[in-house]
Amino acid sequence: MMRTKALPDVPRWAVLAAHAVPLVTLPSGLWRLALVAGLPVTQDADLGAMSPGESVYVVSLSVVSELLAFLTLGLVRSWGEVFPRWMPFLGGRRVNPAAATGAALAGAAGLCAIVGWGVYASYADLGPGIQGTPAQEALLVACYAPLLAWPVLLTAVAVAYRRRRRDDGRRGAAQYGAGRPSASSWV
């Protein structure tokens with residue numbers, strides 16, 4: 001059975017959803033890295049097709065999107081309750097639940113806007129598009145289709161986080177991470 005470092009009061013479905021987010025972003029990142037590497041993922045993919053600046057941009061996009069996806073894990077782990085000690089100015093302080101939930105929901109709204117723009121741009125024939133064989137187009141769709149789950153999963157985990165944190169305050173129970181966290185909680 002899979003063991004996770006999630007907090008004990010987090011619903012199992014929320015833990016699974018939070019862990020799924022980095023996985024649904026991975027295929028598109030790998031596709032972009034393959035494009036930069038010059039692998040035949042499009043008809044234009046050859047080693048000289050991208051300038052160094054474009055290559056840095058595409059690789060950075062992959063890295064940043066994966067790092068943002070990993071932030072979803074904070075909604076089910078201890079570092080979503082109390083900032084880790086190594087963080088300057090914030091280390092050891094409690095995370096504001098409204099701020100964490102607001103940031104997550106704003107991110108989900110932004111992802112929905114990006115999806116909406118992509119669908120509109122595709123149907124309106126904006127830009128040159130990506131030329132490829134049917135197999136290359138199928139690979140593109142297979143790598144980018146999982147991204148449609150990202151805003152849904154993020155929203156679900158953010159709402160579960162907010163409900164859990166709000167309920168803890170109402171019950172008056174000691175909340176996980178109250179006060180100083182133990183050193184072992186960051187392992």
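Along the sequence shown, residues carry numbers from 1.
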### Trp13: ring-ring contact (aromatic ring centres under 6.0 Å, His included) partners, not counting sequence neighbours
none
### Query
For Val41 and Leu140, what are the C-alpha separation, side-chain angles and deciding distance, and is it a side chain to side chain contact (heavy atoms under 4.5 Å, CB included)?
CA-CA 8 Å; Val41 292; Leu140 176 70; over 6 Å; no
### Message
Rounded at 0.5 Å granularity, tell me how far CG in Leu153 sits from CG in Leu16.
### Response
10.5 Å
### Query
Nearest heavy-atom pair of Trp79 and Pro84: which atoms, and what distance?
CB-CG, 3.8 Å
### Query
Are Tyr123 and Trp117 connected in the hydrophobic side-chain network, where two residues link if heavy atoms are under 4.5 Å apart?
no
## Note on the structure
Output for pair (Cys143 SG, Leu35 CG), nearest 0.5 Å, gives 11.5 Å
### Task
Applying side chain to side chain contact (heavy atoms under 4.5 Å, CB included), run through Thr155 and Leu105 and close with a yes or a no.
CA-CA 6 Å; Thr155 301; Leu105 293 176; 4.0 Å; yes
### Query
Among the clusters formed by ILVMFWY side chains lying less than 4.5 Å apart, do Leu73 and Leu90 turn up in the same one?
yes
### Message
Checking the side chain of Gln136 only, and the main-chain atoms of Thr133 only, is there a donor and an acceptor separated by less than 3.5 Å?
### Response
yes
### Message
Once side-chain hydrogen bond (donor to acceptor under 3.5 Å, both in side chains) is applied, what residue pairs with a partner in residues 20-36 remain, sequence neighbours excluded?
### Response
Thr25-Glu66, Arg32-Ser62, Arg32-Ser65, Arg32-Tyr144
### Query
What is the distance from atom CZ of Arg166 to atom OH of Tyr161, rounded to the nearest 0.5 Å?
13.0 Å
### Task
State yes or no: do Val64 and Leu147 share one hydrophobic cluster built from I, L, V, M, F, W and Y residues joined by side-chain heavy-atom distances below 4.5 Å, directly or via other members?
yes
## Note on the structure
Hits for side chain to side chain contact (heavy atoms under 4.5 Å, CB included) against Leu67, two or more places apart or cross-chain, chain-then-number order -> Val63
### Task
Identify whether Ile114 and Val58 are in the same connected component of the hydrophobic contact network (ILVMFWY, side-chain heavy atoms under 4.5 Å).
no
### Query
Leu148 and Val152: which non-hydrogen atoms are nearest, and at how many Å?
O-CG2, 4.0 Å
### Query
Quick one: does Thr101's side chain have a donor or acceptor within less than 3.5 Å of a partner on Pro97's backbone?
yes
### Message
To check you understand the geometry: which heavy-atom pair defines the closest contact between Pro151 and Leu111, and what is its length?
### Response
CB-CB, 4.0 Å
### Task
Check side chain to side chain contact (heavy atoms under 4.5 Å, CB included) between Ala124 and all other residues, then give those that pass, not counting sequence neighbours.
Tyr120, Leu126
### Query
Which is it for Leu7 and Ser78 under the side chain to side chain contact (heavy atoms under 4.5 Å, CB included) test, yes or no, and what are the steps along the way?
CA-CA 6 Å; Leu7 297 174; Ser78 61; 4.0 Å; yes
### Query
What distance separates Arg93 CZ from Met87 CE, expressed to the nearest 0.5 Å?
11.5 Å
### Message
Applying side chain to side chain contact (heavy atoms under 4.5 Å, CB included), can you list everything that pairs with Phe89, at least two apart in sequence or on another chain?
### Response
none
### Query
How would you list, by chain and number, every residue that makes a side chain to side chain contact (heavy atoms under 4.5 Å, CB included) with Val56, sequence neighbours excluded?
Ser60
### Task
Drop me the distance from His19's NE2 to Arg77's CZ, to the nearest 0.5 angstrom.
4.0 Å
### Message
Nearest 0.5 Å, please: how far is CG in Leu154 from CG in Leu75?
### Response
7.0 Å
### Summary
Here the pair of heavy atoms bringing Ala100 nearest to Val95 is CB-CG1, 3.9 Å
### Query
Between Ala18 and Val157, what is the shortest heavy-atom contact and its length?
N-CG2, 3.7 Å
### Query
Which heavy atom in Arg165 sits nearest to a heavy atom in Gly80, and how many Å separate them?
NH1-O, 3.3 Å
### Message
Under 4.5 Å between side-chain heavy atoms, counting indirect links through other Ile/Leu/Val/Met/Phe/Trp/Tyr residues: same cluster for Leu33 and Val141 or not?
### Response
no
